[in-house]
Amino acid sequence: MADVSELIERARLGQIGAIARLISLVERDSPQRRQVAAELAAHAGRAYVVGVTGAPGVGKSTTTSALIGAIRATGRSVGVLAVDPSSPFTGGAVLGDRIRMQSHSTDDRVFIRSLASRGQLGGITSGVPQALRVLDAAGYDVVLVETVGVGQAELDVASLADTTVVILAPGMGDAIQAAKAGILEIADIYVVNKADREGADVVARDLRQMQAKISGRKTGWEVPIVKTASATGQGIDELLTVIDRHRDWLTSSEELTERRRLRAASEIEAIALGEVRKRFASSTGPGRLYAAALEVTAGRLDPFAAADELLSALLAT
Ligand SMILES: Nc1nc2c(ncn2[C@@H]2O[C@H](COP(=O)(O)OP(=O)(O)OP(=O)(O)O)[C@@H](O)[C@H]2O)c(=O)[nH]1
Ligand SMILES: [Mg+2]
């Protein structure tokens, strides 16, 4: 059994091995998860969290990789969490730019980790916020979270991040598809990547038109559109400038504090609901559930009343 306090001490000294161990402990429902969370609580709130999302293949990993270089060039350290990467992040191939990646992998102020999202009711895997807490406590200045923009995950990343970057590209993941998927609303910054390809201007134009129709998130922040060709690094410095500008804006308004409170709220909610689900499964058991189902199919009980009965039995335990 790992000594949690010692691991945290070592993680706070920037020891990569200890950081990796801690993430493994909190990523799933390990017996030490609570202890890690309890001991990390005092070290929270330093890292700036940037969510990077968009449809498969738009260039999230390539952009993330390029951003790592740009952020490092300003002297800041970077942690990266890749949620459900379609190929393993650690190998470097997925990052498109292998050379850039190799240079990161020898840089101890960069930490990259892939996480699998495990379907949890209504929330991004609760392992992600916990892994974020580890990187925060370890002192990373910026944490980038890449999630693939299909299904619910990209909407959840918005509740995790201080700044949410939504990436689009000509072809797959264009503005119309993004609008349909509901991911335009969550953006603090739009990136039109693959600007070296034909069609990028059309994506940007469509985006601007659709943006006008989204009545806005009443915050007073005008969502900028940044064009990049992440594979060559074009536009990346500008993207980082815009991210930093958004951070400054959030900090100067009350938004940052408010976002972080909402983030904590959804984290607590996910943990509580997960706990209810777990207890429901263990204390109710298939026997009682089946018995209730018999009553319902026989017409002696309606499903709401049956659920109420099971829930009150659960809450009484
Ligand atoms: N032409 C061009 N291709 C790019 C650019 N950025 C990324 N790509 C290519 O697009 C493909 C997908 O890039 P990724 O960075 O893996 O995209 P992703 O969004 O992370 O993909 P998933 O994680 O699988 O959803 C790769 O072949 C990249 O080389 C760009 O600026 N221009
Ligand atoms: Mg990727």
Side-chain angles (χ1 to χ4, degrees), residues 49-71 78-105 110-117 124-125 128 131 142-158 160-161 163-178 180-184 186-187 189-204 207 225-240 242-243:
V49 182
V50 178
V52 176
T53 194
V58 291
K60 297 179 293 297
S61 297
T62 312
T63 306
T64 299
S65 178
L67 271 176
I68 294 172
I71 295 166
V78 193
V80 178
L81 296 174
V83 183
D84 274 344
S86 48
S87 19
F89 222 94
T90 43
V94 72
L95 290 164
D97 186 347
R98 281 166 185 267
I99 294 151
R100 206 189 288 265
M101 184 53 202
Q102 274 162 8
S103 66
H104 297 325
S105 67
V110 174
F111 180 91
I112 299 175
R113 171 75 172 235
S114 301
L115 294 173
S117 75
I124 200 161
T125 159
V128 180
V142 182
V143 179
L144 304 171
V145 183
E146 177 191 337
T147 58
V148 80
V150 285
Q152 222 24 62
E154 77 280 9
L155 301 176
D156 294 329
V157 79
L160 280 174
T163 296
T164 300
V165 176
V166 172
I167 305 187
L168 298 94
M172 67 240 300
D174 63 22
I176 293 152
Q177 287 169 290
K180 278 192 198 142
I183 68 171
L184 289 185
I186 66 166
I189 298 167
Y190 297 121
V191 166
V192 178
N193 187 38
K194 308 196 186 183
D196 54 310
R197 285 208 190 153
E198 213 178 313
D201 287 328
V202 178
V203 175
L207 198 49
I225 301 173
V226 182
K227 276 195 231 166
T228 61
S230 298
T232 65
Q234 189 196 318
I236 293 300
D237 286 338
E238 192 200 340
L239 174 57
L240 181 58
V242 171
I243 290 171

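Order of listing sets the numbers, starting from 1, for every ligand and every atom in it.
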- Please indicate whether any nitrogen or oxygen in Val58 is less than 3.5 Å from any nitrogen or oxygen in ligand 1. yes
- Looking at Glu146, which atoms of ligand 1 are within less than 4.0 Å of one of its heavy atoms? 20 (O), 23 (O)
- Message: Between Thr147 (side chain only) and Thr53 (backbone N and O only), is there a donor and an acceptor less than 3.5 Å apart?
- Response: no
- Note on the structure: Minimal heavy-atom distance between Val50 and Ala161, with the atoms involved, is C-CB, 4.2 Å
- Task: Determine whether any heavy atom of Gln234 lies closer than 4.0 Å to an atom of ligand 1.
- Result: no
- Query: Any idea which atoms of ligand 1 are less than 4.0 Å away from a heavy-atom of Ala231?
  - Reply: 5 (C), 6 (N), 30 (C), 31 (O)
- Is Gly54 near ligand 1, meaning one of its heavy atoms is under 4.0 Å from it? no
- Distance from Leu207 atom CG to Asp201 atom CG, nearest 0.5 Å? 12.0 Å
- Item | Ligand-side contact atoms (ligand 1) for residue partner Pro56, heavy atom cut-off under 4.0 Å | 25 (O)
- Message: Please find the pair of heavy atoms, one from Lys227 and one from Ala204, that lie closest to each other, and give the distance.
- Response: CE-CB, 4.1 Å
- Message: Regarding Thr64, does it place an N, O or S atom less than 2.8 Å from the Mg ion (ligand 2)?
- Response: no
- Query: Heavy-atom contacts under 4.0 Å between Ile167 and ligand 1: side chain, backbone, both, or neither?
  - Reply: neither
- Query: Taking N or O atoms only and a 3.5 Å limit, does Thr63 qualify as a polar contact for ligand 1?
  - Reply: no
- Message: Checking Thr63 against Ser230: is there a side-chain donor and acceptor pair closer than 3.5 Å?
- Response: yes
- Message: Any non-hydrogen side-chain atom of Val128 less than 4.5 Å from a side-chain atom of Val83?
- Response: yes
- Query: Less than 4.5 Å apart, any side-chain heavy atom of Leu144 and any of Ile71?
  - Reply: yes
- Item | Structural part of Thr62 in contact with ligand 1, heavy atom criterion under 4.0 angstrom | both
- Note on the structure: Distance col, row Ile236:CD1 vs Thr64:OG1, nearest 0.5 angstrom, shows 9.0 Å
- Note on the structure: When rounded to the nearest 0.5 Å, the distance separating CD1 of Ile189 from CD1 of Ile225 is 12.0 Å
- For ligand 1, which atoms, with element, lie under 4.0 Å from some heavy atom of Asn193? 5 (C), 6 (N), 7 (C), 31 (O)
- Message: As a test of reading the structure, name the N/O/S atom of Glu146 that is nearest the Mg ion (ligand 2).
- Response: OE2
- Compute the shortest N/O to N/O distance between Ser230 and ligand 1 and return yes if it is under 3.5 Å, no if not. yes
